[in-house]
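Here is the structure we will look at, set down as structure tokens.
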Amino acid sequence: MEIKKVGVVGCGLMGHGIVQVAAQAGYEVVVVETEQGYLDKGLSRIEKSLAKLAAKSVEKGKATAEDAEAGRAASWGRITGSLDKQDLADCDLVCEAIIEDLEIKKALFAELGSICKPDTILASNTSSFPVSVMAEASGRADKFVGLHFFNPVQLMRLVEVVRTDATDPAVFAAAQGFGKSVGKAPVGCKDTPGFVVNRLLVPYMTQSLLMLERGDATAADIDAAMQFGCGHPMGPITLTDYVGLDTTLYILEGWVERYPNEPAFAIPEILRQKVAEGKLGRKTGEGFYKWDGDKKS
Ligand code: 3HC
């Protein structure tokens, strides 16, 4: 099962990063969006990120300016944007990174199942939905995996490779191989809520918000405690802002619906309030903190 051409559906926060790491690893990549504006925005993020990484590799003495520029241009040249899903037909692997809405994802996979060539591997970057449900909808459950990347995809080393009971072991192995080839450490996991990371991380983030809600400590102190006490790169409240408060809420709501008696999935009122106010974290410039681009202001 050789993967040469990769398709990505969605060029948002996660999708643009997946496109970029695949192109950097030498794959031809087609990325499909629903509107030209979204596509342009995602491609421009990739362009900036590639330029930044090229500049950094020169700064760190890892490449000459000439080699870094050649690498940047080659990666960029391997990416094609499209508004037409038919352009995914001959991809060897198609990874979905669209909105976290199970019905929309199921409809997309039903469509991809009929558009893509029979041996195309289909993958979802879902954070929290059952992979088996999307696999079923695609009509090719044996060729379906979860490929869960982490934000920012360009910098985070992990990809969770999720197998369902129906996943063909050769497809699972090919997906793990793909993860490795794009410079990630693939971790295999079963199709359980949140897989490994989010099953641990989201309840941790939630507990930090409940702590804030109770007034046990300030947001800055909770974050400093975990940064300096446990060596985390970001404290949990900064991380919730970074991931997106809406995304965190969607994840929790999906779990609560399926596991209403699991106390670890409790939703803090403070999270609902922020989302209702449109304060979604870094992406809107304000969540629990104020943000200026990627940095807290
Ligand atoms: N492309 C290129 N460069 C980038 C970049 C990108 N996408 N994103 C950041 N950078 C650059 C920054 O601009 C910065 O450059 P500079 O040194 O020239 O200023 C450099 O990378 C390092 O960034 P920072 O200065 O912000 O320094 P950090 O050392 O703090 O690194 C971080 C940033 C890697 C994001 C680090 O803070 C971190 O690991 N945070 C935790 C992130 C995390 O936990 N992610 C997982 C979220 S959970 C998830 O995704 C699952 C989902 O399903 C919910």
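Atoms within a ligand are numbered from 1 in the order they appear, just like the ligands themselves. Remember, it's a predicted structure, so these values are computed and weren't measured experimentally. Numbering of residues begins at 1 and proceeds along the displayed sequence.
Of the protein's non-hydrogen atoms, Leu239 CD1, 3.4 Å is the one closest to atom 44 (O) of ligand 1. The nearest protein atom to atom 36 (C) of ligand 1, hydrogens excluded, is given as Pro233 CB, 4.0 Å; this is a heavy-atom distance. At the top of the distance list for atom 46 (C) of ligand 1, counting protein heavy atoms only, stands Asn151 O, 3.5 Å. What sits closest to atom 51 (C) of ligand 1 on the protein, heavy atoms only, is Phe150 CD2, 3.5 Å. Scanning the protein heavy atoms around atom 7 (N) of ligand 1, the nearest turns out to be Gln154 OE1, 3.2 Å. Scanning the protein heavy atoms around atom 18 (O) of ligand 1, the nearest turns out to be Lys52 NZ, 3.1 Å. Protein heavy atom at the shortest distance from atom 8 (N) of ligand 1 is Leu155 CD1, 3.7 Å.
Proximity of atom 40 (N) of ligand 1 to the protein is indicated by at least one non-hydrogen atom lying closer than 4.0 angstrom. The protein reaches atom 21 (O) of ligand 1 closely, with a heavy atom under 4.0 angstrom from it. There is no protein heavy atom closer than 4.0 angstrom to atom 29 (O) of ligand 1. For atom 32 (C) of ligand 1, the protein comes within 4.0 Å by no heavy atom at all.
To the nearest 0.5 angstrom, His16 atom NE2 is 10.0 Å from Lys48 atom NZ.
Taking every non-hydrogen atom of Leu201 and a distance limit under 4.0 Å, the qualifying atoms of ligand 1 come out as 48 (S). In summary, the atoms of ligand 1 found under 4.0 Å from a heavy atom of Lys56, numbered by their order in the structure, are 15 (O), 16 (P), 17 (O), 18 (O), 20 (C). Residue Val243 approaches ligand 1 through these ligand atoms, each under 4.0 Å from one of its heavy atoms: 47 (C), 48 (S), 54 (C). Each of the following atoms of ligand 1 lies closer than 4.0 Å to a heavy atom of Ser127: 53 (O).
At under 3.5 Å, a nitrogen or oxygen of Ser49, whether backbone or side chain, sits near a nitrogen or oxygen of ligand 1. The distance criterion of under 3.5 Å between nitrogen or oxygen atoms is not met by Tyr242 with respect to ligand 1.
A 6.0 Å sphere centred on OH of Tyr242 holds more than 12 heavy atoms belonging to other residues, nucleotides or ligands. No more than 12 heavy atoms of other residues, nucleotides or ligands sit less than 6.0 Å from atom CD of Glu136. Other residues, nucleotides and ligands contribute at most 12 non-hydrogen atoms within 6.0 Å of the NZ atom of Lys62. Surrounding CG of Asp165 are at most 12 heavy atoms belonging to other residues, nucleotides or ligands under 6.0 Å away. Heavy atoms of other residues, nucleotides or ligands lying less than 6.0 angstrom from OH of Tyr204 number more than 12.
Heavy-atom minimum distance, Ala25 versus Ser181: CB-O, 3.3 Å.
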Problem set entry | CA sep, side-chain torsions, deciding dist, call: Arg282, Asn151, side chain to side chain contact (heavy atoms under 4.5 Å, CB included) | CA-CA 12 Å; Arg282 178 183 60 151; Asn151 176 28; 3.5 Å; yes
For this session: Check the pair Phe195, Val131 against side chain to side chain contact (heavy atoms under 4.5 Å, CB included), reporting the backbone distance first and the verdict last.
Result: CA-CA 10 Å; Phe195 317 125; Val131 173; 3.9 Å; yes
Exercise. Can you list the steps and then say if Arg140 with Cys116 is a side chain to side chain contact (heavy atoms under 4.5 Å, CB included)?
Worked result: CA-CA 11 Å; Arg140 54 173 87 186; Cys116 296; 3.9 Å; yes
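Judged by distance alone, the side chains of Ser75 and Gln24 never bring a donor and an acceptor atom under 3.5 Å apart. Between the side chains of Thr238 and Lys296, at least one donor-acceptor pair of N or O atoms lies under 3.5 Å.
Compare His148, Met234, Lys295, Arg157 by their heavy atoms: the one nearest to atom 19 (O) of ligand 1 is in Lys295.
Contacts between Asn198 and ligand 1 below 4.0 angstrom, taking non-hydrogen atoms only, involve the side chain exclusively. Here Val153 has no heavy atoms under 4.0 Å from ligand 1, in either its backbone or its side chain. Contacts of Thr247 with ligand 1, taken as heavy-atom pairs under 4.0 Å, are absent altogether. When heavy-atom distances to ligand 1 are checked against a 4.0 Å cut-off, His232 has no atom that comes that close, whether in backbone or side chain.
Under a 4.0 Å heavy-atom criterion, Arg45 is not in contact with ligand 1.
Residues Thr126 and Met134 are in side-chain contact: their nearest non-hydrogen atoms beyond the backbone lie under 4.5 Å apart. Annotation: side chain of Lys105 is in contact with side chain of Glu100 (closest heavy-atom distance under 4.5 Å).
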